[in-house]
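One structure below.
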Amino acid sequence: MRRLIPILLISLAGCASAWKATYTGGAVTSQFVTDTHRIAWSEPMRERTQECNDKLDPEVNTKADFDACTDPYTASGNAKITNALRIYNAAADVLAEALLATDPSKPNKAELVKAWGDVLSAALDLVRLFPEAEKYVNQLELLTKGLGR
Amino acid sequence: MIEVIGKVVDALLQAIGSSIRAGKSIREALALGLEETAANIRAGKLNIDGALDRAESDQKMIDSTRDRFKD
């Protein structure tokens with residue numbers, strides 16, 4: 001699979017116009033962001049929160065104890081991630097509007113490349129907030145490399 | 001985590017594979033697979049409202065749990 005992905009994506013990019021490659025890249029990145037957020041953050045954070053809720057006594061323990069227990073899946077960490085998701089969503093909306101406004105036979109390559117670059121940048125900012133961030137950054141870069149980024 | 005990438009690629013391969021099985025050439029199938037992706041984007045699927053909803057729900061859950069504890 002590791003070899004297949006770049007080969008497939010390079011093939012896709014080679015056969016597609018800049019417009020279609022951007023289309024595909026945007027969809028692939030959005031899927032990656034949605035799945036990694038769920039797998040790398042949301043599900044383990046909920047599990048850790050429940051474990052700490054069961055383990056700590058509210059009559060004895062403090063919010064600081066709770067934060068130490070849930071680390072790295074803290075409430076402040078989730079607030080940062082929620083904000084990063086909002087920024088990503090705004091960049092994705094701009095890309096979608098640029099794609100819809102562009103004539104595929106006469107693509108405004110500079111505009112599309114910039115819009116997709118902003119989406120990728122927002123995606124990288126997001127995955128850098130996850131535990132094991134380097135792994136997710138590498139995977140996102142691998143996933144998008146074949147699409148001209 | 002490789003499963004996540006695999007899932008995305010599988011979705012593309014499935015779209016392309018069903019077109020080939022329907023008698024299209026590889027080039028036509030690839031174009032159709034990409035068109036399917038384009039249709040998803042037209043339907044607003046580039047944004048990640050689902051992930052944002054989930055994150056906001058997570059925030060409420062962790063805040064309410066945290067508030068049970070003393071300052």
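All of these numbers come straight from a predicted model, not from anything done at the bench. In the text below, chain A, chain B and the rest are named by the order of the sequence lines, each starting its count at 1.
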Do B:Phe69 and A:Thr62 pass the side-chain contact (heavy atoms from CB on, under 4.5 Å) test, and can you show the C-alpha distance, the side-chain angles, and the key distance before you say yes or no? CA-CA 5 Å; B:Phe69 297 91; A:Thr62 65; 5.6 Å; no

Could you check B:Asp58 against A:Ser42 for side chain to side chain donor-acceptor pair (under 3.5 Å), going step by step and ending with a plain yes or no? CA-CA 7 Å; B:Asp58 287 349; A:Ser42 180; 2.6 Å; yes

Test B:Arg54 against A:Leu85 for side-chain contact (heavy atoms from CB on, under 4.5 Å), laying out the working first. CA-CA 10 Å; B:Arg54 187 183 183 96; A:Leu85 283 166; over 6 Å; no

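The closest donor-acceptor contact from the side chain of B:Glu56 to the backbone of A:Thr82 lies at 3.5 Å or more, if one exists at all. Using a distance-only test at 3.5 Å, with no hydrogens or angles considered, a donor-acceptor pair links the side chain of A:Asn78 to the main chain of B:Ala55.
No path of Ile, Leu, Val, Met, Phe, Trp and Tyr side chains, each step under 4.5 Å between heavy atoms, connects A:Leu120 with A:Val94, placing them in separate hydrophobic clusters. A chain of hydrophobic side-chain contacts below 4.5 Å, direct or via other Ile, Leu, Val, Met, Phe, Trp or Tyr residues, connects B:Met61 to A:Leu56. Hydrophobic clustering places A:Val137 together with A:Tyr88 (ILVMFWY residues linked when any side-chain heavy atoms are closer than 4.5 Å, directly or through intermediates). Taking hydrophobic clusters as Ile, Leu, Val, Met, Phe, Trp and Tyr residues chained together by side-chain heavy-atom distances below 4.5 Å, B:Leu52 shares a cluster with A:Leu95.
Salt-bridge annotation for B:Arg68 and A:Glu59: absent, with no side-chain N of the basic residue lying under 4.0 Å from a carboxylate O of the acidic one. Ion pairing of A:Asp65 with B:Lys70 is absent here, as no side-chain N (NZ or NE/NH1/NH2) approaches a carboxylate O to less than 4.0 Å.
Here the straight-line distance linking atom CD1 of B:Ile62 with atom OG1 of A:Thr49 works out to 3.5 Å at 0.5 Å rounding.
Contact annotation for B:Asp63: only side-chain heavy atoms (C-beta onward) come within less than 4.5 Å of a heavy atom of chain A. Interface remark: A:Val119 contributes no atoms to any contact with chain B (heavy atom separation under 4.5 Å). Only the backbone of A:Thr74 comes within less than 4.5 Å of a heavy atom in chain B; its side chain stays farther off.
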Do any side-chain atoms of residues 124-133 of chain A form donor-acceptor pairs under 3.5 angstrom with protein atoms, and if so which ones, sequence neighbours left out?
from	atom 1	to	atom 2	distance (Å)
A:Asp125	OD1	A:Arg128	NH1	3.4
A:Glu132	OE1	A:Lys135	NZ	3.4

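Looking at A:Ser76 and B:Arg66, their side chains never come closer than 4.5 Å, going by heavy atoms from C-beta outward.
Using modelled atom types and a 3.5 Å distance limit, the side chains of B:Ser57 and A:Arg46 yield a donor-acceptor pair.
The environment of A:Lys80 atom NZ is sparse: at most 12 non-hydrogen atoms of other residues, nucleotides or ligands sit within 6.0 angstrom.
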